[in-house]
Participant: 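One structure coming up, written as structure tokens, with questions to follow.
Basis for what follows: all heavy atoms, side chains included, without hydrogens, waters or symmetry-related copies.
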Amino acid sequence: MNQNIIDVINSLGETDKLYFVGEVDLSEIVQAAEALNVEFAKDFVEYTHKFGAISVDDMEICGIIDDAPYLSTVDRTLDMRELFSDFPMDCYVIESVGIDNAVMVQKSDGKIYQFLHGHELLFAADSLSEYLLNGGDFRKERVEYWKARSND
């Protein structure tokens with residue numbers, strides 16, 4: 001699925017309340033990528049340039065933002081790298097799952113994965129658009145899995 005990320009986010013805002021930070025200058029996006037020593041996927045650059053960071057439905061997608069570290073891709077990625085030696089250096093955080101320090105990450109090719117310390121990356125979506133259109137279904141399934149597992 002290769003839908004335009006801006007169109008996808010705007011369509012989500014038609015059915016759910018969409019909150020966003022606002023436009024981010026491209027130079028700030030370049031600086032953020034340099035700070036992490038990664039290449040951001042094209043859809044992530046487009047998304048952060050237009051919206052900064054968003055919250056829609058029950059998803060809070062990280063982006064380029066200075067005054068909310070929990071929504072900052074740079075802050076969240078640096079935190080994960082500091083906490084977990086197995087955090088992949090070619091990934092950056094796009095969403096915190098909220099259980100067992102699991103996070104959703106993206107690679108420069110646009111693919112989305114779940115990172116959980118001590119486990120292999122788990123594929124979630126081919127793009128940020130696909131991830132958003134699925135309403136974070138992958139993430140929700142994983143949260144339910146971990147909740148059930150912790151009750152065993």
Participant: Can you find a pair of side-chain heavy atoms, one from F84 and one from L116, that are under 4.5 Å apart?
Facilitator: no

Participant: How about Y92 and V74: do any of their side-chain heavy atoms sit closer than 4.5 Å?
Facilitator: no

Participant: Is there a side-chain contact between Q106 and K111, using heavy atoms and a 4.5 Å cut-off?
Facilitator: no

Participant: If you take all heavy atoms of D43 and S129, which pair is closest and at what distance?
Facilitator: OD2-N, 4.0 Å

Participant: Does CZ belonging to F20 count more than 12 external heavy atoms closer than 6.0 Å?
Facilitator: no

Participant: Treating Ile, Leu, Val, Met, Phe, Trp and Tyr as nodes and any side-chain heavy-atom pair under 4.5 angstrom as an edge, say whether V45 and I65 lie in one connected cluster.
Facilitator: no

Participant: Using the six-membered ring of F44, assess whether NZ or CZ of K42 lies under 6.0 Å from its centre and within 45 degrees of the ring axis.
Facilitator: no

Participant: How would you list, by chain and number, every residue that makes a side chain to side chain donor-acceptor pair (under 3.5 Å) with K107, sequence neighbours excluded?
Facilitator: D90

Participant: Does T73 reach the main-chain N or O of V93 with its side chain, forming a donor-acceptor pair under 3.5 Å?
Facilitator: yes

Participant: Is the closest side-chain donor-acceptor distance between D86 and H117 under 3.5 Å?
Facilitator: yes

Participant: Could you check if a side-chain atom of I5 sits within less than 4.5 angstrom of a side-chain atom of L132, using non-hydrogen atoms only?
Facilitator: yes

Participant: In this structure, which one of T77, V103, V105, L36 forms a side-chain contact (heavy atoms from CB on, under 4.5 Å) with C91?
Facilitator: V105

Participant: Checking the side chain of Y47 only, and the main-chain atoms of I54 only, is there a donor and an acceptor separated by less than 3.5 Å?
Facilitator: yes

Participant: Side chains of E60 and Y19: does their closest heavy-atom pair fall under 4.5 Å?
Facilitator: no

Participant: So with a 6.0 Å cut-off around CG of D25, is the heavy-atom count from everything else above 12?
Facilitator: yes

Participant: Quick check for you: to the nearest 0.5 Å, what is the distance between E46 atom CD and H49 atom NE2?
Facilitator: 9.5 Å

